[in-house]
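The figures here come from the full heavy-atom set of this structure, side chains too, leaving out hydrogens, waters and symmetry mates. One is the number of the first residue; the rest follow in order along the sequence.
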Amino acid sequence: MKILEMNHIKKSFDGKEVLQDISFSIEEGEVVSIIGPSGSGKSTLLRCATFLEQMDDGTLAYCEEPVVTRDEETGKISYPPRKKMREVLMDFGLVFQNFNLFPHYSVIKNVVDAPLCIQKRNREEVFKEARELLAKVGLADKENAYPCELSGGQQQRVAIARALAMKPKMLYFDEPTSALDPEITAGILKIMKQLAQEHMTMAIVTHEIDFARAVSDRVIFMDGGKIVEEGKPEDVIDHPQNERTQAFLKKLSY
């Protein structure tokens, strides 16, 4: 089953086209890494997929259910009403590069808040699962700490646990290690590798090329608001066909 399908996506800011007619999909259990230079539209694509930005044109479906539709006659796109949108938002979790934790909530409250308040799930069950998730990301002893008392790497682990607590069908990661030093980055990538082994559907915007090679089923290279090349990691990363992909990867290897 296709968890995500985006077709002919366009997005401009102040007249500058940031996404130019992008189409791609992600199958259930698939890990897709999106690589490319800064300003190539990678994060904007994720923001459109997660409704943090509104697309200018195109269609979008989650779990093969149309969400953003397009009137062929007028070219006008339509987003669903609020109730439907709330349901769709349950399908995915998003992990940002700057953590976005609630600073006035403890670690455990950051993790349980959405399942309790939005999903209205059983309190005892939610707390039990939250503690299991914190143990999974190596923070079992930090449930009563506050974000300001944690390192950047620990905050990112909480953010991953918080996203998983909603039991999403897929996770988006927007450069989750870019604000972290290399030693801490390794710990976050290890957790993400474990999720990949558990067949969590993931879309990952990353500059970590070795990581993308190791965990991805598919790699997408973006440049200038377009998908320039996509395929298996060994094809796109190790044997790129497009000159722009080759130039980008060559720069990274220096």
The test is side-chain contact (heavy atoms from CB on, under 4.5 Å); show your working for Arg121 and Lys167 and say whether it passes.
CA-CA 11 Å; Arg121 283 165 47 202; Lys167 300 188 174 181; 3.5 Å; yes
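- Every residue was checked against the side chain to side chain donor-acceptor pair (under 3.5 Å) condition with Arg123, not counting sequence neighbours, and none meets it.
- Considering Glu124, Glu125, Glu132 as possible partners of Lys128, the one that fulfils the salt bridge (charged side-chain N to carboxylate O under 4.0 Å, His left out) test is Glu132.
- Counting heavy atoms from C-beta outward, Tyr62 and Glu5 have side chains that stay 4.5 Å or more apart.
- When each of Ile204, Thr206, Asp210 is checked for a side-chain contact (heavy atoms from CB on, under 4.5 Å) with Glu208, only Thr206 meets the rule.
- Contact of the Met90 side chain with the Pro168 side chain is not registered, since no non-hydrogen atoms from C-beta on lie closer than 4.5 Å.
- Between Asn122 and Val126, every side-chain heavy-atom pair lies at or beyond the 4.5 Å cut-off.
- Taking 4.0 Å as the cut-off between side-chain N and carboxylate O, Asp71 and Lys76 do not count as a salt-bridged pair.
- Cluster membership check: Met170 shares its hydrophobic cluster with Leu89, using side-chain heavy-atom separations under 4.5 Å among Ile, Leu, Val, Met, Phe, Trp and Tyr.
- The hydrophobic clustering, which links ILVMFWY residues whose side-chain heavy atoms are closer than 4.5 Å, places Val68 and Ile3 together.
- When all heavy atoms are compared, the tightest approach of Ala163 to Gly93 is CB-CA, 4.4 Å.
- Between the side chain of Ser23 and the main chain of His8, a donor-acceptor pair closer than 3.5 Å is present.
- Looking at Leu4, Val219, Ile26, Thr201 one by one, the single match for side-chain contact (heavy atoms from CB on, under 4.5 Å) with Val32 turns out to be Ile26.
- The pair Arg131-Glu129 does not count as a salt bridge, with every side-chain nitrogen at least 4.0 angstrom from each carboxylate oxygen.
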Run the side-chain contact (heavy atoms from CB on, under 4.5 Å) check on Leu52 and Leu94 step by step: do they pass?
CA-CA 11 Å; Leu52 293 171; Leu94 179 56; 3.4 Å; yes
Taking it one step at a time, do Tyr172 and Val95 satisfy side-chain contact (heavy atoms from CB on, under 4.5 Å)?
CA-CA 6 Å; Tyr172 291 95; Val95 179; over 6 Å; no
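- Put simply, the side chain of Glu149 gets close to the backbone of Tyr146: a donor and an acceptor are under 3.5 Å apart.
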Full working for side-chain contact (heavy atoms from CB on, under 4.5 Å) between Leu45 and Met222:
CA-CA 10 Å; Leu45 181 61; Met222 284 183 68; 3.9 Å; yes
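- Only one option out of Arg218, Lys2, His199 pairs with Glu30 in a side-chain hydrogen bond (donor to acceptor under 3.5 Å, both in side chains); it is Arg218.
- The main-chain N or O of Arg213 is never found under 3.5 Å from a side-chain atom of Ser216 such that the two would form a donor-acceptor pair.
- We find the CG-CD distance between Asp223 and Glu243 to be 12.0 Å, quoted to the nearest 0.5 Å.
- Within 6.0 Å of the CD atom in Glu198, the count of heavy atoms belonging to other residues, nucleotides or ligands exceeds 12.
- Residues Thr245 and Glu229 have side chains that bring a donor and an acceptor to within less than 3.5 angstrom of each other.
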Between Gln97 and Ser178, is the side chain to side chain donor-acceptor pair (under 3.5 Å) condition met? List the steps.
CA-CA 6 Å; Gln97 56 182 293; Ser178 65; 2.8 Å; yes
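- When all heavy atoms are compared, the tightest approach of Val236 to Gly231 is CG2-N, 3.3 Å.
- Screening Val158, Leu101, Asn100 for a side-chain contact (heavy atoms from CB on, under 4.5 Å) with Pro147, the sole residue that qualifies is Leu101.
- Here CG of Asn7 is found 11.0 Å from CG of Asp57. Values are rounded to the nearest 0.5 Å.
- Minimum heavy-atom separation, Leu180 to Gly152: CD2-C, 3.4 Å.
- In the hydrophobic clustering of this structure, Ile188 does not group with Phe96; members are Ile, Leu, Val, Met, Phe, Trp, Tyr whose side-chain heavy atoms approach within less than 4.5 Å, directly or through other members.
- Here the CG-CD distance, from Leu46 to Glu175, works out to 10.0 Å after rounding to the nearest 0.5 Å.
- Annotation: cation-pi geometry satisfied between Lys11 and Phe13 (NZ/CZ under 6.0 angstrom from ring centroid, within 45° of ring axis).
- When all heavy atoms of Leu134 and Ile108 are compared, the closest pair comes out as CD1-CD1, 3.9 Å.
- Nearest heavy-atom pair across Gly187 and Arg157 is CA-NH2, 3.7 Å.
- At least one donor-acceptor pair closer than 3.5 Å links the side chain of Gln241 to the backbone N or O of His239.
- Gln20 places a side-chain N or O within donor-acceptor distance of the main-chain N or O of Gly224, the cut-off being under 3.5 Å.
- Using a distance-only test at 3.5 Å, with no hydrogens or angles considered, a donor-acceptor pair links the side chain of Lys120 to the main chain of Cys117.
- At a threshold of 4.0 Å, the pair Lys169-Glu28 does not count as salt-bridged, since none of the basic side-chain nitrogens sits closer than that to a carboxylate oxygen.
- The backbone N or O of Met166 sits less than 3.5 Å from a side-chain atom of Gln119, completing a donor-acceptor pair.
- Distance check: Ile160 CD1 to Leu171 CG gives 8.5 Å after rounding to the nearest 0.5 Å.
- Lys10 and Glu17 are not joined by a salt bridge, as no carboxylate oxygen comes within less than 4.0 angstrom of a charged side-chain nitrogen.
- In this structure, the side chains of Leu164 and Met200 come closer than 4.5 Å at one or more pairs of heavy atoms.
- Side-chain contact between Met1 and Cys63 is present, with at least one heavy-atom pair separated by less than 4.5 Å.
- A distance of 5.5 Å separates CG of Leu60 from CE of Met55, quoted to the nearest 0.5 Å.
- Using modelled atom types, one side-chain atom of Lys42 and one backbone atom of Gly36 make a donor-acceptor pair closer than 3.5 Å.
- Under a 3.5 Å cut-off, the side chain of Arg47 and the backbone N or O of Glu53 do not form any donor-acceptor pair.
- Aromatic ring orientation, Phe51 versus Phe92: tilted (interplanar angle from 30° to 60°).
- Note that CZ of Phe173 and CD of Gln156 are 8.0 Å apart. Values are rounded to the nearest 0.5 Å.
- Within the 4.5 Å cutoff, the side chain of Asp56 has no heavy atoms near those of the Ile77 side chain.
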Can Asn144 and Ser106 be said to form a side chain to side chain donor-acceptor pair (under 3.5 Å), step by step?
CA-CA 5 Å; Asn144 295 315; Ser106 66; 5.3 Å; no
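- At a threshold of 4.0 Å, the pair Asp21-Lys226 does not count as salt-bridged, since none of the basic side-chain nitrogens sits closer than that to a carboxylate oxygen.
- With hydrogens and angles disregarded, a donor-acceptor distance shorter than 3.5 Å links the side chain of Asn110 to the backbone of Phe102.
- Counting heavy atoms from C-beta outward, Lys142 and Leu150 have side chains that approach closer than 4.5 Å.
- In the hydrophobic clustering of ILVMFWY residues, with side-chain heavy atoms under 4.5 Å counting as a link, Val107 and Val137 come out together.
- Pro37 has its side chain out of reach of Lys251: every pair of non-hydrogen atoms, C-beta onward, lies at least 4.5 Å apart.
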